[in-house]
Structures are given as C-alpha cells and as structure tokens.
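Along the sequence shown, residues carry numbers from 1. Counting convention: from 1, in listed order, for ligands and their atoms alike. Treat the numbers as computed from the prediction; the structure is a model and nothing was measured.
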Amino acid sequence: MDINQLWQTTLSELELQISRPNFLTWLKNSRPVEKNEEGKILIGLTNNFAKEWVENKYHKTILSIIRSLDETIKGVEYTVLTGAINEQAQKVRGAQREKTEQSHPSFPELKIDPETNLHPRYNLNSFVVGSSNELAYAAASAVIKDVGKKYNPFFIYGGVGLGKTHLIQGIGNEIKKVYKNKIKVKYVPSEKFVNEVIWAIRNKRMDDVKSRYRNIDVLIIDDIQFIGGKERSEEEFFHTFNALYENGKQIIISSDRPPAAIPTLEERLRSRFLGGMIADVSQPDYEMRVAIIKTKLQEKNNALSDDLCGLIANKVRKNIREIEGILNKIIFYRENKCVDLTPAIIGDIIDSAIQQSVKNISPSQVIKVVAEFFEITPSDLTIRSRKKEIVEPRQITMFLLRDILGLSYPHIGEKMGKRDHSTAIHSYEKISNEINKNRDLSQKIILIKELIYKQ
Ligand code: ADP
Ligand code: MG
C-alpha cells in the first residue's frame, strides 16, 4: 500500500471512531507527506491547532490503526502543511481557522498536561457564575472541598458551548492546585475512553486499560452520551466506575442531556448517576453574557466600550463559544485596522457570523441531527409510523425545517417522505404550541438546535 492509500484507509477508519465535527475540523484536509528511512510517516495538517490537537487526542488511535494496516510503520509524526502541498487546504482554511479559534482560542503557550489531560486555560477564576450555572458551580466547589465524599458522582449536563468542559476541567485543575498533586486527577473525553477500549480489545490489552483507570482518585469523563450504546465500552466504564466509587474516589461526568434522556444508556449506569448530584447549565441571561464578554476581553488583554459589550450581549444569546468566536473576530478587525469599529459595523460582523452558521445548514443535516439525537436513522423519520418514538422526532424535524431554514410547507412535506403539506402545517403548529408548555420538549429543541448550529 502506498502512503496515500494507507492514510486514506486510516482516515476512513478514524472517521468511524471520532465525532463528525471533530473529524471535519481536524483531519479532513490532512495528507501524508513522506515515509522516512526510519519507517516513520509524516502527516501534514492544516495548522498548528490541528497539529497540537491531533497529537494530543488522536495520536494513539492513529498509530494503532496504521500499524494494524502496515506493520512496518515505526511511528507517526505531524507537521503543518505549507506552500504548494497546502493549496487545496488553503481554500477551506479561512472557514476552518474561524472554527478552530472558536473552539480552542489562542493560548498557544499553554499546553495540555500529559499526566492529567487537563488544559490549564480552564480554570475556575475565569469561569463566570450566574443564574444559569450557579447550582453547578456550587456543587463543583463542594466537590473540591470534599473530594469523593459529598457529591459523588457529580453529573453536569446542558447544551453545547455552555461551559461544561470548562467547569469540569476547572474542577480538575483546582484539585491539582489545592492538593498539590497528592490527588491523582484524570480527564478523559468519553470518545477517547471508547477508542482506548476498542484498541485494547483488538490488541488484547484490556488489563492495561483497567490498571490505567483504577488507580485514579478523580476521574472526569466528558460527554458521556457518546458511551451510550457502545456495549463493551459501557461495560468497561461501569466496572471502572464501580471500582472507583466503592473506594471513595470522585467521579465527575458531563453530558449534553440528563441521564434519563440518554436512551441507550444501560439502566444500571443510569441509576448510578441518579444516585449522585445532578446539576444543569443553561443559557446565560443578558447580565451574565455581558460579564462573560468582559472576562474574555480581559483574558485577551483587550477591552471594548460598555455600549459595544451590551450590543454583542444582545445579539449573541445562544452559546458562549459563539461569543468567543465573535470577540476574536472583532479583535482581529481592530488589530489589523481593517475598518473603523462603529456599532453598525460590529452589528454587521455579528449578523454575518450568525447568518453564516445558518447558511451552511441543509435540510438533510437537520434530519440527520434529529435522527442522531433520538438514536434512530434518518429514514425512520420518513416512514409512515404512529409509534411515539417516531412521531415526536418527525414532528420536531418538520418544526425545525420551518423554524431554522424557513422551508415552505409543501417542500417540508416532500422532504419528509412525500407527505401532504397539511401534515407539515399540523406538525409545525403542534410543536410551536407545546414548546411553551412543555419544558421537556423545549429542552430537547434547544439541544437539537445547538447540535445543528455546531455542525
Ligand atoms: P461545553 O463543554 O458545554 O460545550 P465549553 O466548556 O467548551 O462548553 O465552553 C465553550 C467556551 O465558552 C469555552 O471557551 C469556555 O471557556 C467558554 N465558557 C463557557 N461558560 C463559561 C463561563 N461561565 N465563564 C467563562 N467562560 C465560559
Ligand atoms: Mg464540552
């Protein structure tokens, strides 16, 4: 196999193992550069962020896939693509850079701690507390004071970009600081846990995984919803969980939804979670958004007038990550003196950032996200079924096609399995009416919308 084929095959396998947004952001435009005399392969990535990210998060997985395809490969190294090789990548770079900066703002001097996996930028001093997250924050403080005793497990849930990762990594960093490394902390995105289990099963090294996790004092698992439905990983996680829990070790978990709403999560895991402390983070109100904007500006050694901060807080409501992306953009414009930053211009910058996220969304993406959320297939959404597990997702899809994309009712009917336009109208009206009365439904819709915007 030549290195191009080898890398393409590796990518198709990787694509199955990591989430789609991660794959697109970090790996889509990668390519092999060379195989040197030592038998190492050099992989080119589009920018420094991608390089750091892939090295830290995916290296092991990549290496084990490549080795399983070609035993002669001795190692994998990464570089940033420049010049001619990068022509194609350059086109997507603009868009990608924005995305990267949003999810991983510029703190190049700070590195992920290999021991704990924690990123030092997530600390509790820079975490703004307000009504949308005060319960979660209070619980976090209690956990730090009484590690493993009071709130165990501590389960935190909420929509995308609302600070879950920041808070749980912040707890980890604080414990490290307060207890001066006497307490062993480990942060693991659940995707990574799943990958490790898959790798270990393949290579018959399950004992490695077991011993790696069982001597930890604080285990932090991010985005647990990804474990749901992956049997061996769930099984392994359950045993790890029990072993730690019974020894009084602290477990901290985040998820995009409450335990009861992860349909494929095994019952015994779910009931374990319900036995601990559960707190949610929701969307920040206006005052909190202003406070976050000011904190972020300060971190970047920057400032904007109160009026402008208010303007941004007014326009960007959904997601704190989005606020960060927009601030980066405004600072960029200012530093490069592209334009005079009047309120009107800032308004335009924000509108175009927000619109852009809508412009890139297609009806099939909406359908795909809804299906993923309810853990059914996109074609389940279009079949003629009256089962509750199908009817609700179908009505929500039709509602969102109208609400987000503004599709016409006949068009929606057509998309949803050649249904009559009156069905689309009925679904839209039913969900619009219910959304105000039913908190469960409105939570679901908020989460799904966030997943769609994150695509
Ligand atoms: P989630 O894990 O819930 O998707 P993140 O923790 O990744 O969200 O947060 C997204 C971005 O918003 C991060 O850059 C984070 O620092 C920032 N952020 C979120 N909540 C807060 C907060 N309360 N105070 C300060 N920054 C926050
Ligand atoms: Mg997160």
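A salt bridge between Glu13 and Arg202 is present, with a side-chain N of the basic residue lying under 4.0 Å from a carboxylate O of the acidic one. At a threshold of 4.0 Å, the pair Glu236-Arg214 counts as salt-bridged, since one of the basic side-chain nitrogens sits closer than that to a carboxylate oxygen.
Contact annotation: for Ser126 versus ligand 1, heavy atoms closer than 4.0 Å belong to the backbone alone.
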Might you work through the side-chain contact (heavy atoms from CB on, under 4.5 Å) test for Met288 and Asp285, ending with a clear yes or no? CA-CA 5 Å; Met288 194 171 155; Asp285 58 17; 3.2 Å; yes

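Numbered from 1 in the order shown, with element, the atoms of ligand 1 that lie under 4.0 Å from a heavy atom of Gly159 read 3 (O). Near Asn133, meaning under 4.0 Å from any of its heavy atoms, are these atoms of ligand 1: 23 (N). When each atom of ligand 1 is checked for a heavy atom of Gly163 under 4.0 Å away, the hits are 1 (P), 3 (O), 5 (P), 6 (O), 8 (O), 9 (O), 19 (C), 20 (N). Contact atoms of ligand 1 toward Val160: 4 (O) (distance under 4.0 Å to a heavy atom of the residue).
The option with the heavy atom closest to atom 3 (O) of ligand 1, from among Lys164, Arg289, Arg121, Glu322, is Lys164. The option from Arg321, Glu324, His119 that lies nearest to atom 13 (C) of ligand 1, judged by heavy atoms, is Glu324.
Here the straight-line distance linking atom CD1 of Ile404 with atom CD1 of Ile361 works out to 6.0 Å at 0.5 Å rounding.
Distances between N or O atoms of Met288 and those of ligand 1 include no value under 3.5 Å. The N/O atoms of Gly161, backbone and side chain alike, include one that comes under 3.5 Å of an N/O atom in ligand 1.
Checking Thr165 against the Mg ion (ligand 2), an N/O/S atom falls under the 2.8 Å cut-off.
Residue pairs meeting the ring pair (Phe, Tyr, Trp, His ring centres under 6.0 Å) criterion with at least one member in residues 165-197, sequence neighbours excluded: Tyr122-His166, Phe127-His166, Phe193-Tyr213, Phe193-Phe237.
By the 30° and 60° cut-offs, the orientation of the rings of Tyr428 relative to Phe399 is parallel.
The heavy-atom pair separating Val290 from Ala313 by the smallest distance is CG2-CB, 3.6 Å.
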